[in-house]
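Working notes, structure below.
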Protein chains: 2
Amino acid sequence: MERQTTIKDIALALRLSTSTVSRALRDAPDVGEETRKAVKALAEELDYQPNKLALSLLKKQTNTIGLIIPNLDYVLATMVKGIDEVALEAGYTVMVCQSDESFGREIVNTKRLLDSLVDGFIISVSSETMIFEHIKKIQQKKKPLVLFDRTINSIAAPRVRLDNVEGGRIATQHLIDQGYKRIALLAGPENLNISNERMEGYLQTLKQNKIKVDKNLIIHCDFNQEYGKMATKELLTMKNRPDAIFAISDRLAIGALLAIKETGLKIPKDIGLVGFNNDPMTKLMTPTISSVEMFAFEMGKATAKIFLEMIHSETDMSDKEIIFKPKLFVRESSSRI
Amino acid sequence: MERQTTIKDIALALRLSTSTVSRALRDAPDVGEETRKAVKALAEELDYQPNKLALSLLKKQTNTIGLIIPNLDYVLATMVKGIDEVALEAGYTVMVCQSDESFGREIVNTKRLLDSLVDGFIISVSSETMIFEHIKKIQQKKKPLVLFDRTINSIAAPRVRLDNVEGGRIATQHLIDQGYKRIALLAGPENLNISNERMEGYLQTLKQNKIKVDKNLIIHCDFNQEYGKMATKELLTMKNRPDAIFAISDRLAIGALLAIKETGLKIPKDIGLVGFNNDPMTKLMTPTISSVEMFAFEMGKATAKIFLEMIHSETDMSDKEIIFKPKLFVRESSSRI
DNA sequence: TATACTCATGATAACGATGCCGGAAAGGGT
DNA sequence: ACCCTTTCCGGCATCGTTATCATGAGTATA
């Protein structure tokens, strides 16, 4: 690792003080025209780059965002891309840490980023996370924090999220409109907001349509294709099997699709299916799967923008909330009219 | 942003010098037992965390790895996971930057990371990258650099890659074994190593089997489903159309599959198809797509390990190369015997 | 009793940069 | 000739930590 040229090197070579060199480089006012030129020329020649570490130590700001996410599936990768784009533009670098849906990893990551002095955090919690002390700690240290996608109600921080209740509603209503009567729900982990909100939309819609809720038709499982498949198989062997499935994520929906295919039932004739996320995969399956779009890229950009706003303004933004409206894309798996 | 407690605070409170406090906290030998206890107790109470910035400035090391990748598709996300895992274990944090397959972005990212003082780089180049000055600059500054997946021949740096020639061979040989005679190649961008190597394997295998190479059957296109689809449509309208397609990535293979389906040809009867990467999607398509597995997670881990080795040893490792052997997973799209 | 040696601690410089203050030289006005 | 203002630059402190050297007290040794 080669020694970087420093301001001192330039100062020494030009028989100037470091202060003067520093001023010259920053185009500060009180520097002679000639010295300024000389300094800049030499800096160019020696390929001088200011040491960000020294600056960060002095200014107490690192221009770095700590981003903690549960995984890197389609939706999150897309959100990360959105965050990255806005952050880069504003001169921030993003440190991405995957918790891998593990509470322990999330804590380790938070701790690490916290004392490696990121300027703030953007977080989407793992599905295991039910205790939020690590997140409160961020706030105790008065670091900016923005929650996105999987948000937490008990934490007062600005958030960017989808109107998941609405998402649950439009998916369920669509299935009802297509004539399905017994609609099952493949839900996610029980402690996850997004899952419960989508379920809330499902329940509301059933009630509005005077359809009785059958709790046996609601199954909680991890966001994982295999679980989706297993859960669906279970549903399909019930004596009074559902005639439609609303899966809270496309992964689960794909698992469901595979399970349904194995039993020989026809989609959408015998059974309807709607997923969530509008993962490009849904367009590639046979049959193609209807799904709820959540505008991940835009959500990512909005999240980063709020973060930057929070960094730059001193006003309290903890009740700021941006809610995206979901949109259903109807495909073969639920079109039987 | 709250002021962090520093060593000075503790020193002041305990009427000690910062030196002593520093020693006590690091369990250095020559500190009195009582003072050590007192210091540690107070540190605990005030939730003291050493300032990493100050340490980094002093030690000239940030425990940070700059990771530059073209995108976050399945393979790369998996590799990143592998890298992350090993890095975290070793106390390093990874800064992931996506070049988004853009040469310009790649340069900006490199520059940024370079002067934000990461300890070294792990890079997989964008498909546009044909000039490597930015990468040479990293080496000029004597920062550790490891290339992976999409490597560059003209740069002397340790690398972790797949035996792509072999990958091209096994895919092509498999198609020949299945009785396909006119095998087309959906190649990637012309300047990309991985693409050319896979093509090399394809060409070798054709020759070995005394099959004449028809250049019209080789099409270069970006790694993108749409391009794969367009290219395939073109291939299928030839007067002497191919009876099999070897796509250099699963995205292209999926595009090909869609194009083939639209023309009404039967897979694998009328036309065979093999992809590359073994993306989980290939298992979900109808028909399922044969594909070459590249062990992305293991490659990621190996890459990070080499990086760490490079950081810790002072010996030249620039000719170190780890080559993974690919494995073909045969599925419906190419099984007609 | 003087010498040497250990043990615990303090003082200082350094990492690379900035910000504030002060001062020399030059010029202008009265 | 005096004072005042600019213009340009150097010195010093600072950010939080560690490393190196110095110092002081106390103890063992000859």
Side-chain angles (χ1 to χ4, degrees), chain A residues 1-40 42-43 46-64 91 114-119 141 143, chain B residues 1-40 42-43 46-64 91 114-119 141 143:
Chain A
M1 212 104 65
E2 207 173 46
R3 214 182 132 282
Q4 281 279 44
T5 51
T6 73
I7 237 177
K8 213 186 261 178
D9 299 328
I10 300 181
L12 224 59
L14 262 43
R15 296 170 180 283
L16 288 170
S17 73
T18 57
S19 325
T20 307
V21 175
S22 169
R23 276 187 298 247
L25 288 170
R26 280 174 296 137
D27 283 319
D30 45 355
V31 180
E33 202 45 51
E34 285 184 27
T35 48
R36 185 194 311 278
K37 273 185 189 160
V39 168
K40 287 204 171 177
L42 190 58
L46 299 180
D47 190 29
Y48 167 80
Q49 291 298 113
N51 184 318
K52 289 241 172 105
L53 239 36
L55 279 174
S56 293
L57 180 59
L58 196 60
K59 301 269 187 64
K60 296 174 185 307
Q61 120 171 17
T62 55
N63 277 54
T64 294
L114 198 51
D115 53 46
S116 72
L117 303 171
V118 296
D119 286 346
K141 301 223 173 190
K143 299 245 180 198
Chain B
M1 213 105 65
E2 209 173 46
R3 210 181 136 285
Q4 282 279 43
T5 51
T6 74
I7 238 175
K8 214 186 261 176
D9 299 328
I10 300 181
L12 224 60
L14 261 43
R15 295 170 180 282
L16 287 169
S17 72
T18 57
S19 324
T20 307
V21 175
S22 169
R23 275 186 298 247
L25 289 170
R26 280 174 297 137
D27 281 319
D30 44 356
V31 180
E33 201 45 51
E34 285 185 26
T35 49
R36 185 196 309 278
K37 273 186 191 160
V39 167
K40 286 203 172 179
L42 189 58
L46 299 180
D47 191 30
Y48 166 79
Q49 291 300 111
N51 184 319
K52 289 242 171 108
L53 239 35
L55 278 175
S56 294
L57 179 59
L58 198 59
K59 300 269 186 66
K60 296 174 183 308
Q61 118 171 15
T62 54
N63 277 56
T64 293
L114 199 51
D115 52 47
S116 73
L117 303 171
V118 295
D119 286 346
K141 301 222 172 190
K143 298 246 181 198

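Order of the sequence lines fixes the chain letters, A, B, ..., with proteins taken first and strands second; residue numbering starts at 1 for each chain. This one's a predicted model, so the numbers in the text were calculated from it and none came from an experiment.
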- [ ] Please state how far atom CD in Gln4(A) lies from atom C1' in dA17(C), giving the value in whole angstrom units.
- [x] 14 Å
TODO: Using distance alone, with no hydrogens and no angle criterion, decide if Asp119(B) and Thr62(B) have a side-chain donor and acceptor under 3.5 Å apart.
DONE: yes
Open item on the list: I want to check one thing: is the phosphate of dG10(C), taken as OP1 and OP2, less than 4.0 Å away from some side-chain N or O of Thr20(B)?
Closed with: yes
TODO: Output yes when at least one side-chain N/O atom of Ser17(B) is less than 4.0 Å from OP1 or OP2 of dA11(C), else no.
DONE: no
TODO: Name the nucleic acid region contacted by Leu16(B), choosing base, sugar-phosphate or nothing; use a 4.0 angstrom heavy-atom cut-off, strictly under.
DONE: sugar-phosphate
Task: Phosphate OP1/OP2 of dG16(C) contacted by Lys52(A) side-chain N/O (<4.0 Å) - done: no
Open item on the list: dA19(D), OP1 or OP2 - any side-chain N/O from Arg26(B) closer than 4.0 Å?
Closed with: yes
TODO: Have a look at Asn51(B) and say if it touches a base, only the backbone sugar-phosphate, or nothing, with a 4.0 Å heavy-atom cut-off.
DONE: sugar-phosphate
Open item on the list: At 4.0 Å (heavy atoms only), tell me whether Leu57(A) reaches a base, stays on the sugar-phosphate, or touches nothing.
Closed with: base
Task: Interatomic distance, Arg3(B) CZ vs dG16(D) P [rounded to whole Å] - done: 6 Å
Open item on the list: Please determine whether a side-chain nitrogen or oxygen atom of Lys60(A) lies at a distance below 4.0 Å from atom OP1 or OP2 of dG16(D).
Closed with: yes
TODO: Find which nucleotide of DNA chain C each of Ala54(A) and Val21(B) is nearest to by heavy atoms, and output the residue with the more 5' nucleotide.
DONE: Val21(B)
Open item on the list: Tell me the interatomic distance from Gln49(A), atom CD, to dA17(C), atom C1', rounded to whole angstroms.
Closed with: 14 Å
Open item on the list: Counting the atoms with a prime plus P, OP1 and OP2 as sugar-phosphate, which does Leu58(A) contact under 4.0 Å by heavy atoms, base, sugar-phosphate, or nothing?
Closed with: base
Open item on the list: Counting the atoms with a prime plus P, OP1 and OP2 as sugar-phosphate, which does Arg36(A) contact under 4.0 Å by heavy atoms, base, sugar-phosphate, or nothing?
Closed with: nothing
Open item on the list: Checking contacts here: which listed nucleotide (dT12(C), dT17(D), dT9(C)) is nearest the side-chain heavy atoms of Ser19(B)?
Closed with: dT12(C)
- [ ] Would you kindly give the CG-to-C1' distance between Leu14(A) and dC9(D), to the nearest whole Å?
- [x] 13 Å
Task: From Leu58(A) atom CG to Leu53(B) atom CG, the distance as rounded to the nearest 0.5 Å - done: 10.5 Å
Open item on the list: Using modelled atom types and a 3.5 Å cut-off, is there a donor and acceptor pairing between side-chain atoms of Ser22(B) and backbone atoms of Thr18(B)?
Closed with: no
Open item on the list: At 4.0 Å (heavy atoms only), tell me whether Thr35(A) reaches a base, stays on the sugar-phosphate, or touches nothing.
Closed with: sugar-phosphate
Open item on the list: Nearest whole Å is fine: how far is dT17(D) P from Asp9(B) CG?
Closed with: 9 Å
Task: Between C1' of dG11(D) and CD1 of Ile7(A), the distance in whole Å - done: 15 Å
Open item on the list: I want to check one thing: is the phosphate of dC15(C), taken as OP1 and OP2, less than 4.0 Å away from some side-chain N or O of Lys8(A)?
Closed with: yes
Open item on the list: Expressed as a whole number of angstroms, how long is the span from Arg23(A):CZ to dG10(D):P?
Closed with: 8 Å
Task: Spacing of Leu12(A) atom CG relative to dA17(C) atom P, expressed in whole Å - done: 14 Å
